[in-house]
Amino acid sequence: MPRENILTLEEIDRIATILIANGIDKIRLTGGEPLVRKNLIWLIERLANNTTLKALALTTNGVLLRNQVAILHSAGITHLNISLDSLQRERFLALTGSDDLHTVLAAIDESIATGFQAVKLNVVVIRGFNDDELNAFVELIKNRPIALRFIEFMPFTGNRWQQENVVTADEMISRIARQYTLLPLPTNPSQTTTGADYTISGYAGSIHFIAPVSHSFCRFCNRLRITADGHLKTCLFRSPSLDLRSLLRNGRNDRQIIEAISESLQSKPESSELGMIVTGDIPHCMTAIGG
């Protein structure tokens with residue numbers, strides 16, 4: 001993508017400031033991989049200065065995280081999500097192209113020790129690839145206060161999705177329950193939910209199942225996503241609905257921008273209709289959308 005098509009950090013900051021002024025109280029920096037972005041710490045510090053922001057989160061693959069954990073925490077990151085789909089070195093190498101599993105695991109422990117409000121571990125479960133590692137991941141949280149998030153395999157361009165490779169949340173729960181007693185966590189009625197939440201007696205961490213394929217949670221979804229090139233997505237599974245970059249660069253004021261966002265939200269469908277979409281790839285790549 002040409003550099004001029006990508007939002008500048010100042011443009012990202014302006015969009016965030018407009019949204020925060022209109023009720024957004026949580027922001028997540030994701031990717032691709034956000035830690036490759038030059039001067040990211042400047043943006044984090046700018047966002048953290050918004051006193052009405054309740055959470056400033058970052059999602060990373062963890063490869064570049066180890067030497068930046070303390071810096072990210074001091075800059076204002078409150079919640080950290082780390083994506084890790086295998087605890088086996090060979091599989092990690094096959095999936096990512098890098099032999100950095102040990103680096104990611106070390107970064108996870110360093111993140112826990114640093115004192116973020118929450119450290120979450122995202123695991124996309126794929127039948128025939130890593131579904132035999134469910135219990136190994138559960139053991140990872142025995143002595144670590146991590147929110148372990150098992151995510152159903154979703155259809156996106158380039159990820160070779162097949163219906164038969166989906167391990168549903170219900171199946172994951174059933175398989176894990178053969179060895180562990182899963183205790184449901186109480187739900188907070190003031191918060192949205194995207195899945196089922198459990199703990200295990202004596203374990204430091206918790207387990208969460210994210211089920212966008214088998215159990216739609218559209219009615220709970222309140223997220224907006226802005227792509228690196230400035231397009232607003234009101235639904236993860238649908239095409240962008242608004243070109244914010246053009247509005248910014250054509251001199252629109254804050255009121256005009258928030259009106260355009262509100263209009264886009266009004267046209268958001270009630271459901272993503274993912275059940276219909278799974279017959280073929282969703283026409284965009286997850287690495288270009290973020291989590």
Side-chain angles (χ1 to χ4, degrees), residues 9 12-13 16 20 24-50 53-87 92 95-96 98 100-125 137-151 185 188 191-195 197 199 203-210 223-226 228 236 286-287 289-291:
L9 296 182
I12 297 172
D13 180 48
I20 292 170
I24 294 294
D25 59 14
K26 178 179 180 179
I27 288 178
R28 175 177 304 282
L29 301 171
T30 179
E33 174 51 51
L35 296 183
V36 302
R37 185 69 187 257
K38 186 178 180 181
N39 297 325
L40 178 69
I41 297 301
W42 177 88
L43 176 62
I44 292 171
E45 291 175 339
R46 289 278 298 182
L47 296 175
N49 282 333
N50 288 279
L53 201 61
K54 295 179 181 178
L56 180 55
L58 183 138
T59 298
T60 172
N61 62 24
V63 173
L64 300 176
L65 178 61
R66 189 174 183 182
N67 295 325
Q68 300 191 55
V69 170
I71 297 171
L72 292 169
H73 185 262
S74 62
I77 293 296
T78 59
H79 295 66
L80 196 61
N81 280 38
I82 301 168
S83 299
L84 177 62
D85 297 327
S86 179
L87 295 172
F92 183 93
L95 184 67
T96 67
S98 67
D100 289 307
L101 176 60
H102 62 291
T103 302
V104 176
L105 292 174
I108 291 171
D109 286 333
E110 186 175 341
S111 299
I112 294 170
T114 300
F116 293 96
Q117 291 183 30
V119 176
K120 300 179 181 181
L121 191 62
N122 294 342
V123 183
V124 176
V125 180
F137 274 105
V138 171
E139 284 304 301
L140 193 68
I141 67 168
K142 184 172 185 177
N143 299 308
R144 295 176 177 88
I146 295 172
L148 175 61
R149 291 155 42 98
F150 288 122
I151 304 170
L185 287 169
N188 187 338
Q191 294 181 342
T192 59
T193 180
T194 56
D197 308 322
T199 187
Y203 278 56
S206 55
I207 308 174
H208 310 260
F209 298 90
I210 314 300
R223 294 187 177 187
L224 299 175
R225 290 175 173 84
I226 299 171
L236 176 63
M286 189 60 171
T287 57
I289 302 169

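None of the values given here were measured: they were computed from a predicted structure. FYI, side chains are in, hydrogens and waters are out, and symmetry mates aren't considered; it's all heavy atoms of this structure.
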Heavy atoms, side chains only, cut-off 4.5 Å: are Tyr203 and Glu139 in contact? yes

Flag the pair Leu185 / His208 as yes when at least one side-chain heavy-atom distance between them is below 4.5 Å, and no otherwise. yes

With rounding to the nearest 0.5 angstrom, report the CG to CZ distance, Asp197 to Phe209. 9.5 Å

Heavy-atom pair of closest approach, residues Asn143 and Ala204: C-CB, 3.8 Å

Tell me if a side-chain donor or acceptor on Thr78 pairs with a main-chain N or O of Leu56 at a distance below 3.5 Å. yes

Leu58 vs Gln68 side-chain heavy atoms within contact, under 4.5 Å: no

Shortest non-hydrogen contact from Gly76 toward Ile44: N-CG2, 4.1 Å

Between Arg28 and Asn81, is any pair of side-chain heavy atoms under 4.5 Å apart? yes

Find out whether Pro34 and Thr59 are in side-chain contact, i.e. whether some heavy atom of one side chain is under 4.5 Å from a heavy atom of the other. no

Test side-chain contact (heavy atoms from CB on, under 4.5 Å) on Phe137 and Ile207 and set out the steps. CA-CA 10 Å; Phe137 274 105; Ile207 308 174; over 6 Å; no

How long is the straight-line distance from CD1 of Ile24 back to CG of Asn50, given to the nearest 0.5 Å? 12.0 Å

Closest non-hydrogen atoms of Leu65 and Ile82, given as atom of the first, atom of the second and distance, are CD2-CD1, 3.7 Å

As a quick check of understanding, evaluate side-chain contact (heavy atoms from CB on, under 4.5 Å) for Leu148 and Leu140, giving each step before the final call. CA-CA 9 Å; Leu148 175 61; Leu140 193 68; 5.9 Å; no

At their closest point, which heavy atom of Glu33 faces which heavy atom of Asn61, and how far apart are they? OE1-N, 2.7 Å

Would you give the length of the straight line joining atom CG of Leu35 to atom CZ of Arg66, rounded to the nearest 0.5 angstrom? 15.0 Å

Leu72 and Thr114, any side-chain heavy atoms less than 4.5 Å apart: no

Heavy-atom side-chain proximity of Ile27 to Ile20 below 4.5 angstrom: yes

Test side-chain contact (heavy atoms from CB on, under 4.5 Å) on Arg37 and Leu9 and set out the steps. CA-CA 9 Å; Arg37 185 69 187 257; Leu9 296 182; 3.7 Å; yes

With a 4.5 Å heavy-atom cut-off, do Leu84 and Ile108 have their side chains touching? yes

Nearest atoms (heavy-atom pairs only) where Ser111 meets Leu80: OG-CD2, 3.3 Å

Run Leu101 and Thr96 through side-chain contact (heavy atoms from CB on, under 4.5 Å) and show every step you take. CA-CA 10 Å; Leu101 176 60; Thr96 67; over 6 Å; no

CZ of Arg46 to CG of Asp13: how many Å apart, nearest 0.5 Å? 4.5 Å

Testing the basics here: between Val124 and Asp85, what is the closest heavy-atom pair and its distance to 0.1 Å? N-OD1, 2.9 Å

